[in-house]
2 protein chains.
Amino acid sequence: MPPRRTPVSRRDRPAKPPLSRDGVVAVALGILREEGLERVTMRRLASELDTGPASLYVYVQNVAELHGALLDALLADFPLDASDPVDLLVDYTTLLMEYPSLARSVLTLWPSGPNYLSLIDAILGLLRAAGTPSRQAAWGVDVLLQHATASAAEHGTRRESGEAEGGWEGLRAAVRDAPNTEYPHIAAHRDELVSGAGEERLRWAFAALLRGIAATS
Amino acid sequence: MPPRRTPVSRRDRPAKPPLSRDGVVAVALGILREEGLERVTMRRLASELDTGPASLYVYVQNVAELHGALLDALLADFPLDASDPVDLLVDYTTLLMEYPSLARSVLTLWPSGPNYLSLIDAILGLLRAAGTPSRQAAWGVDVLLQHATASAAEHGTRRESGEAEGGWEGLRAAVRDAPNTEYPHIAAHRDELVSGAGEERLRWAFAALLRGIAATS
DNA sequence: ACCTGAACACCGTTCAAGT
DNA sequence: ACCTGAACACCGTTCAAGT
């Protein structure tokens with residue numbers, strides 16, 4: 001009986017490595033970084049791993065869980081040593097803004113990976129250090145992270161169907177054209193409503209949130 | 001030459017009314033209310049209107065625009081006469097919580113319909129009445145509405161694939177099991193992190209936001 | 001101008017069957 | 001246990017052709 005040989009049908013590829021959850025997430029992370037979350041589909045991922053989409057369900061329960069794993073993978077390199085909570089939150093938001101679709105997905109995901117827990121822990125530590133009462137810090141960290149995620153989903157920098165930009169332009173135009181009689185308060189704030197660079201508004205929002213959290217029992 | 005007769009091929013249906021943008025939105029609103037945004041697809045909508053999906057593109061540019069129109073339709077009956085901004089914001093969030101998928105969509109939509117502008121106008125009016133400086137009010141209304149939308153997307157009450165609930169349970173479990181040595185601050189806030197009813201936390205968050213907005217220049 | 005059938009280019013997930 | 005082909009049940013959008 002001749003020895004069993006490995007098949008050579010996939011000549012141009014390196015030997016197919018065995019699948020694993022980490023391998024699946026690593027490949028997904030590569031697609032996310034290079035092409036955005038839109039391209040991270042089960043089918044694309046499967047073909048990248050030289051298999052069929054059904055095989056992936058051994059390692060992840062569904063796409064939502066995969067997205068959670070991607071967030072945690074992204075957070076693996078995120079530095080948590082900022083001493084100002086505003087800096088930490090702006091940095092986290094900036095990271096997420098590279099992946100607005102992931103931000104959108106994460107918003108309904110309640111992530112709970114180890115690196116996300118470390119982020120929560122770091123923010124709690126900074127709030128505690130600033131003297132924020134315990135319960136306000138605990139509720140506040142939720143508000144802060146939700147604002148970061150929602151801001152990234154809203155203002156994401158990636159083009160991604162261009163829909164976000166059109167929306168912002170639409171609101172800008174609507175505010176510009178709003179009749180004074182019907183919208184007196186918009187009229188009174190017309191310029192300020194659309195003023196300010198992204199980062200300036202983001203820093204201001206986090207500062208306001210932190211102040212409110214510290215002051216409201 | 002015999003007179004042209006209307007065809008009788010669709011015997012069981014009432015005469016097909018001519019399409020219009022308002023008609024399309026009205027039918028979409030019905031499906032949204034009864035079955036949720038998931039079911040409001042171009043194909044479903046078309047079949048409800050007794051036509052093909054391609055026909056809808058005469059009246060709406062794409063699904064994003066349709067979702068914007070749905071939000072505005074939902075806001076048509078929304079009372080704007082609350083005298084406390086927290087009440088107004090909680091009411092708006094509660095409305096959106098009935099439609100978490102719409103909230104998720106709206107978050108990246110920059111809605112700009114007339115009823116949404118009225119909502120912005122009403123909030124600006126309340127901030128102005130409370131003495132908030134003009135620029136802070138203008139930037140603050142964005143933060144407040146974003147928090148409302150994001151909260152609705154996150155905590156939506158509709159079952160909708162049940163994914164949200166699993167996520168919250170997952171985070172709750174992760175917080176419960178987080179090792180003290182690795183996550184000292186989570187350990188110090190373990191109970192408060194997951195405490196409080198939804199509405200209580202929501203009211204607190206809006207109160208904190210409003211205080212921070214009023215106090216941060 | 002308004003409307004349409006048919007196609008294009010995809011999705012996530014399940015399941016029976018294989019190894 | 002792990003893996004897969006094939007199917008199920010869908011999507012949004014475009015476009016050439018009709019009225």
Side-chain angles (χ1 to χ4, degrees), chain A residues 4-7 9-10 13 15-25 27-28 31-32 35-70 101-102 104-105 108-109 160-164 166, chain B residues 4-7 9-10 13 15-25 27-28 31-32 35-70 101-102 104-105 108-109 160-164 166:
Chain A
R4 256 220 280 174
R5 285 187 304 140
T6 49
S9 49
R10 297 186 316 280
R13 288 178 196 275
K16 185 178 162 182
L19 293 181
S20 73
R21 189 187 152 95
D22 287 352
V24 170
V25 173
V27 171
I31 302 174
L32 172 67
E35 304 177 43
L37 191 71
E38 271 70 25
R39 304 284 184 192
V40 184
T41 67
M42 297 303 245
R43 282 157 194 272
R44 168 71 188 280
L45 204 42
S47 93
E48 208 89 11
L49 289 161
D50 208 7
T51 181
S55 306
L56 303 178
Y57 288 81
V58 178
Y59 305 103
V60 293
Q61 279 208 298
N62 49 44
V63 276
E65 200 203 295
L66 177 65
H67 291 177
L70 283 172
S101 295
L102 184 64
R104 196 145 59 243
S105 183
T108 55
L109 213 65
E160 268 182 11
S161 82
E163 167 196 316
Chain B
R4 257 219 279 172
R5 285 185 305 140
T6 49
S9 48
R10 298 185 315 281
R13 290 178 194 274
K16 185 177 162 182
L19 292 182
S20 73
R21 189 186 152 95
D22 286 352
V24 170
V25 173
V27 172
I31 302 174
L32 172 67
E35 305 176 44
L37 191 70
E38 272 69 26
R39 303 286 185 189
V40 184
T41 67
M42 296 304 244
R43 283 156 194 272
R44 169 71 189 281
L45 203 44
S47 92
E48 208 89 13
L49 290 161
D50 207 7
T51 182
S55 306
L56 303 178
Y57 288 82
V58 176
Y59 306 103
V60 293
Q61 278 208 298
N62 49 43
V63 276
E65 199 203 294
L66 177 64
H67 291 177
L70 283 172
S101 296
L102 183 63
R104 194 144 61 244
S105 183
T108 56
L109 213 66
E160 267 181 12
S161 81
E163 167 196 315

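These values consider heavy atoms only, across backbone and side chains, with no hydrogens, waters or symmetry-generated copies. Order of the sequence lines sets the chain letters (A, B, ...), proteins ahead of strands, with each chain counted from 1. Since the structure is predicted, the reported quantities are computational estimates derived from the model, not experimental observations.
Atom CG in A/Leu102 sits 10.5 Å away from atom CD in A/Glu38 (nearest 0.5 Å). For the atom pair A/His67 NE2 and A/Ser101 OG, the distance stands at 8.5 Å (nearest 0.5 Å). Rounding to the nearest 0.5 Å gives a distance of 7.0 Å between CG of B/Leu70 and CG of B/Leu37. The distance from atom CZ of A/Arg104 to atom OG1 of B/Thr108, rounded to the nearest 0.5 Å, is 4.5 Å.
The gap from the P atom of C/dA9 to that of D/dC10 amounts to 23 Å, rounded to the nearest Å.
Taking both residues in full, the closest heavy atoms of A/Val25 and A/Ala69 are given as CG2-CB, 3.9 Å, listed atom of the first, atom of the second, then distance.
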Kindly give the atom pairs (protein nitrogen or oxygen, nucleotide nitrogen or oxygen) under 3.5 Å for nucleotides 11-15 of chain C.
from	atom 1	to	atom 2	distance (Å)
C/dC11	OP1	A/Thr41	OG1	3.2
C/dC11	N4	A/Arg43	NH2	3.3
C/dG12	OP2	A/Met42	N	3.2
C/dG12	N7	A/Arg43	NE	3.2
C/dG12	N7	A/Arg43	NH2	3.0
C/dG12	O6	A/Arg43	NH2	2.2
C/dT13	OP2	A/Tyr57	OH	2.8
C/dT13	OP2	A/Val63	N	3.3
C/dT13	O5'	A/Tyr57	OH	3.3

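At least one side-chain heavy atom of A/Leu45 sits under 4.5 Å from a side-chain heavy atom of A/Leu66.
Within the 3.5 Å criterion, the main-chain N or O of B/Glu65 finds a donor-acceptor partner in the side chain of B/Asn62.
Of the residues listed (A/Leu49, A/Asp22, A/Leu32), the one engaging A/Val27 in a side chain to side chain contact (heavy atoms under 4.5 Å, CB included) is A/Leu49, and it is the only one.
With a cut-off of 3.5 Å on both pairing distances, the Watson-Crick and G-U wobble pairs of DNA chain C assemble into stems of 3 or more at C:4-8 with D:12-16, C:12-16 with D:4-8.
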